[in-house]
Structure formats: C-alpha cells, structure tokens
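Just so it is clear: chains get the letters A, B, ... in the order the sequence lines come, proteins before strands, and each one is counted from 1.
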Amino acid sequence: MTVAAAPEGAVWVVLGEDGEGAVSTVFLGSDGAVLERRRMPRADLPASIAATVTDLRWVWSDASHWYVPLVAAGVRVARCHDLRLCHAILRDSAAVSDAAALRAAGEWDAPAAAAPDGGAALFELEGDTGSTAAVPHGIEAALVEFTRQREASANGAGALRLLLAAESAGALIAVEMNAAGVPWDADVHDDILRELLGDRPAPGRLPSRVEELAAKVRAALGDATASLDSQPRLLRALHRAGVLAASTSKWELAEYDHPVIEPLLAYKKATRLLSANGWAWREEWAPDGRFRPVYVPGGVVTGRWASSGGGALQLPRQLRPAVRADPGWAFVVADVAQLEPRVLAAMSRDTALAGSARGTDLYQGMVDRGVMPTRQDAKIAMLGAMYGATTGDSGRLVPALRRAYPKAMGLVDAAARTGEEGGVVSTWLGRTSPPPPPEWHALQGRAGDQDAADADRTRAQRSARDRGRFTRNFVVQGTAAEWALCWLADVRTRLAALPPVSPAQAAPRSGILHGRQAHLAFFLHDEIIVHTPLEQADAAAAAVRDAADAATRLLFGEFPLDFRLDLHIREDAGKA
DNA sequence: CGGAGCGGCGCG
DNA sequence: AAAGCGCGCCGCTCCG
C-alpha cells in the first residue's frame, strides 16, 4: 500500500469510522481548518498510521477502541487526544467558562470501555466485538466533539491543555503496558505460595498449611466444626471462647491475648493470599509469564488511574519477588519519595515546606528543622493534614504543622472549607471535583431550618465534614496524579527514542512493539517499573530521572523544590 | 438463582 | 494504635 505524506501544516488528524468496513482520517491545521480527508478500508489503517508523520496528534473517540488493535499490530502513535477522557475533564472543569455544549453531549459521558481483549478483532471482523463503550466512534461525531472541546479549552489556561495532553498520553500508556505486561516468574510465585500455603491442593480442597492452621484455630476455640470464613459465625465462636471482640478484623483481634489469635491471623493471611493471588489468579492473569492488568486511566475522581481485573493496584509486596526480568533484561524500579507533600509544597508555594524537603527525605527534613520530634510523627502528621484527621496522634500533631507551614496548610484548609460549603475545588492543572449530589444540598437545607431535628443537624454536619475531607484531599491527590502523568508520559517518550536491541536480545512476550526496547511495564500512583535490556538499563534509568525533573519544571516552573526518586536497577521488583 | 451490600484487606 | 483520603476484589449474607 502506498501512503501519501500528511498535508503541509497538519497538526491534528481525526480518526473515525466511516461506513461499512471503512475509516476516515481528517487532517486539521492548527486553527482547526480541514486540510484533507482520506477514506480507507479499516484493514489499511495500521500501515497508514505507521507511515504517517509522527508529530501529528491523533484524535479519536477512545483509546481502548482504536489503540488496542493498533498496538497488537505493532503500531505506536506518539501523541493522541482521547475525546472520551478529555470530555470528562472539560465538562466539569472550573477553568472552562462555558461547558453547556459539552454537558449537552451526553453520549460522550460513557465510562471506560470494557477490558481490552488483546485481539486484533477490530481489523478482521465487522462490528464491534469486544467493546461495550457507548461513546460514538464515527468520524462525524468525532469532528463535532473535537470542535466543541477545542472551543471549550481555547481561551482557558495552558495548564488545562497540558492536562488534556497528559491524560491522553496516559491512555496510550495504559494500552501499551497491558500489551507489554509485567514479567511474571511462575516458579518464584510457586515457591512463595508453597512456603506460605503448602502444596497446591486438588480442586475444591484447601492447601495443607491452611488446613493445619484451620485445625489449630478450631482446637484453640474448642469447637471442631467452627466456621472460619463467615464473619458472624466466627465472631460468635470467638465470643464463646472468651474473645469479646466487636469485629473479626485483624487489628482488633491483635489486641487480645488468647491462643486462638495467632493461628487465626495466620489463617486469615493465608486464605487472603490464596483467594487474591493464588494459583487460580495466576492462571487467569499471568498464564504466559506476563501479568497483564487492565489499567483504567482517569478511573478515580481525582484523576488517578484505577484498574479492572487482576487487582493490578493491589499486588501485595509479598509477591514482588515474582516480578522478574527476562534473561538479559533488568528493571528500573523507581518511586517518588513523599510525592503528595512535595506537590502540596509546590502548589501552595510554601517555601518553608519546600525547604524541609529539598535534598532530603521530607519527613526527616521536618525533624531536622525541629518541626516534629520523630520521622514517624512527621509522617503521621503530614498524612493527617492531607486526609483531614481530627483525632488521635495525627490530629494532635496537625496544629504544629499549621504553625510551621502556614501556606501549605492554608491551601488544604481552604479546600476543606470549600467542600464543607458545598463548593468544588480544582487541581493545579484544572481537574475539578464533582459537585455534591442534590441529596447533599437537600440535607444541608433541612438542617438549616428553624425546627430542624437534632438528628438532621448532626447528619448534615457529618456529611459536610465528609465532603470537606474529600475536597481537602482532592487537590493534593489530584495534583500528584498530574505530576505522575507528566512523568510517565515523558518517560515513555524518552524510552521510545532508545535504539532497538538485536533480535537475539529480544523479549518476545513483551510484544512486537516493546520486545526490543526498554519500555514501561508497571505504574502505581507514584511508582514505575521499566523493563529494559541490560545494555540499556543505565540509559533507561537516566530517562526516568530526567523525566521526573522535566515533570517538576513543566508543572511548577522554577519553584525551588526537587522530587526525589528512590531508583534501583534490579532483576526483580522486590524491596530494595 | 443472581445481584446488592458489607466486612475485611491488599495497594498508594 | 488503627483515625483521616482514594481505590478493587474476595467471600459471605440477605433479598427479590
């Protein structure tokens, strides 16, 4: 197939379905004017995209719909504008002066599409097999929505456009990481399971060590038939044995001194591992030496990613050693030290807090400056300040923080006040919290009546405080997510610029797109894992560090603060 | 029988 | 010691 170059001056190229088995690409200039329109059979799309100039930004309805089959076909795009994700941001953003047209376009409010099924079905079959996304995929709908979004974001701050770009880059990365997968060593996983659970049992049976623990628990309870998996029945059995706990949670049970406690806690830990990340989990989620979680960019209100299936965001640290690089490959494992407090320092321009953080562990910096007696106190206090703690150790420590860092604390306190009053708050780049539902306002209204019942007043107050803690945390968690997205996007770009290694050094299970090059393999809020050929490990590590600095400058300019990374080049992802 | 609700626990 | 934010998933119980 011959492919014409992109037209002169093209900046955007909108992609959409255009009739039976066909797609169209519409090239737009920077002013949004249509420069050229091309229609082609759907099957020609991967080759066409692979041949098109790389600095264009692809505009499409939904990355799960368009990009999954492209990646499966070995095609990467450098940049995109994901209409579904950007719609969700623009619709609610306080930085958009008139979102009426966007709010009226409810067909773009669909949630994330179904899990990518990994197949290339889109280009082989008619119809939309794997996806339940309700957003429109047609070319005309895309053009109309893109125009709406350009108009909505045209007059706003550059920050908002940066957010749209970062969110869209995340959509690409989520698809690519699912395709590449996390290298997963079944033998190491088995060793861990056998150590903690015993040998793998026959179907329907419990592993030997779990059976032994259950027997010990029943013996200690003096009840040979006690049910251990039903909270109400277990609680009654505990009461009969003299353990008068109010719940069966482990931190409450740990309070009691009774022979049943130790085996019971071990039993709970073992059955948790078995059901969450046991042999059945591996057969479903890492059957071929790769763990392929489904990431859901923008899946959390704050802008954090969520995940769907496989529990990607809950992988227990216990199992980290099973994350093992391929032979001849290594990991760059990096996490940001105290991401959220640093973000708070930067966005509040609190030079005192930034000073405590610069060049050091932030919590230790607080101790060194006499703000907190111990590192642990500093951590508890800072988390309490960002989460809205009012009681306990954390609540007691917060006032000292207010004295030492009035600007930083002023920012989160103001966000909390806004939330308590029913208002919305925004992140640094302009993602805005969802407003409280109508019932919330109704409750507050009732409580304000002259003859309101005490119970209503109490409920309304509690509900207002809940709202305040949510908005307090939203600004920090959401801005941290923005920093992380910018970091991630820049890491991706830098890694893509590394030369491919020889076919003999390839990691075939990482896919055609990633198997010969350092690539992102995992992302979890403030941590990334890059899977890299050994010979590129130093370059990949430099990319990760440089991208962190670039993200900091991109968001916060020359504000004097560094975002420190704990970074290691290793063969597994276990604790350093 | 399936789905909602919930306790519990894993992650940041 | 287990409150104060955001999640997903498991097993059990309850309900229609």
Side-chain angles (χ1 to χ4, degrees), chain A residues 112 115 206 227-235 245-255 264-265 267-278 280-281 284-285 293-320 335-341 343-344 376-377 379-398 401 412-413 415-416 419 425 427 431 433-434 462 465-481 483-484 522-528 573 575:
Chain A
L206 287 174
S227 166
L228 308 186
D229 299 319
S230 157
Q231 286 98 335
R233 286 195 271 179
L234 173 59
L235 194 58
S247 80
T248 63
S249 62
K250 66 176 184 184
W251 44 83
E252 177 156 5
L253 293 179
E255 294 302 289
L264 178 54
L265 293 181
Y267 174 85
K268 287 163 79 79
K269 194 174 170 66
T271 51
R272 160 83 193 189
L273 176 64
L274 175 65
S275 65
N277 296 102
W281 171 86
E284 183 171 2
W285 291 101
V294 176
Y295 298 94
V296 185
V300 179
V301 279
T302 58
R304 274 186 172 182
W305 289 12
S307 71
S308 160
L313 278 49
Q314 307 147 253
L315 200 65
R317 301 203 75 88
Q318 231 177 359
L319 291 183
R320 283 300 196 92
D335 68 274
V336 193
Q338 306 101 32
L339 173 59
E340 292 190 355
V343 158
L344 174 58
Q376 186 60 16
D377 286 327
K379 181 175 180 177
I380 299 270
M382 190 53 80
L383 291 175
M386 293 186 300
Y387 293 166
T390 54
T391 63
D393 290 349
S394 183
R396 272 199 305 283
L397 292 165
V398 169
L401 235 47
V412 286
D413 288 345
V425 295
T427 60
R431 192 187 306 261
S433 64
R462 187 158 50 81
R465 297 259 160 76
D466 290 348
R467 198 76 206 164
R469 287 193 305 275
F470 168 63
T471 51
R472 169 189 293 274
N473 187 248
F474 182 96
V475 293
V476 180
Q477 188 184 119
T479 303
W483 185 95
F522 190 68
F523 168 58
L524 181 56
H525 308 318
D526 62 356
E527 173 187 13
I528 62 180
K575 255 227 164 297

Earlier contact from the 5' end, DNA chain C, for A:Gln376 and A:Ala389: A:Gln376

Nearest-nucleotide comparison on DNA chain C, the residue closer to the 5′ end among A:Ser230 and A:Gly311: A:Gly311

Going by the rule side-chain hydrogen bond (donor to acceptor under 3.5 Å, both in side chains), which residues pair with [X] if we only count those two or more places apart in sequence or in a different chain?
X	answer
A:Asn473	A:Gln477
A:Trp305	none
A:Tyr267	A:Asp229

Can you sort out the partners of [X] under side chain to side chain contact (heavy atoms under 4.5 Å, CB included), two or more places apart, ordered by chain and number?
X	result
A:Ser275	none
A:Gln314	A:Arg272
A:Ala389	A:Ser394

Under a cut-off of 3.5 Å for both distances of each Watson-Crick or G-U pair, what dot-bracket string does DNA chain B give, using [ ] for crossing pairs and | for inter-strand pairs? ||||||||||||

Atom pairs under 3.5 Å, N or O on each side, protein against nucleotides 7-12 of chain B: can you list them with distances?
unit_1	atom_1	unit_2	atom_2	d
B:dG8	OP1	A:Thr248	N	2.8
B:dG8	OP1	A:Thr248	OG1	2.7
B:dC9	OP1	A:Lys250	N	3.2
B:dC9	OP2	A:Lys250	N	3.1
B:dC9	O2	A:Arg272	NH1	3.0
B:dG10	OP2	A:Lys250	NZ	2.4
B:dG10	O4'	A:Arg272	NH2	2.9
B:dC11	OP1	A:Arg317	N	3.0
B:dC11	O4'	A:Leu313	O	3.4
B:dG12	OP1	A:Arg317	NH1	2.2
B:dG12	O3'	A:Asp526	OD1	2.8
B:dG12	O3'	A:Asp526	OD2	2.7
B:dG12	N2	A:Arg304	NH1	3.2
B:dG12	N3	A:Arg304	NH1	3.2

Mind checking what makes salt bridge (Lys or Arg N to Asp or Glu O under 4.0 Å) contact with A:Arg396, not counting sequence neighbours?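 If we apply the salt bridge (Lys or Arg N to Asp or Glu O under 4.0 Å) test to A:Arg396, skipping adjacent residues, the hits are A:Asp393.
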
Residues at least two apart in sequence or cross-chain that pass salt bridge (Lys or Arg N to Asp or Glu O under 4.0 Å) with A:Asp466, listed by chain then number, are A:Arg469

Just the endpoints, please: which first and last nucleotides of DNA chain C, 5' to 3', lie under 4.0 Å from a heavy atom of chain A?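 With heavy atoms of chain A under 4.0 Å away, the range is C:dA1 to C:dT13.
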
Please, which pairs that meet salt bridge (charged side-chain N to carboxylate O under 4.0 Å, His left out) have at least one residue in residues 471-480 of chain A, sequence neighbours excluded? A:Asp413-A:Arg472

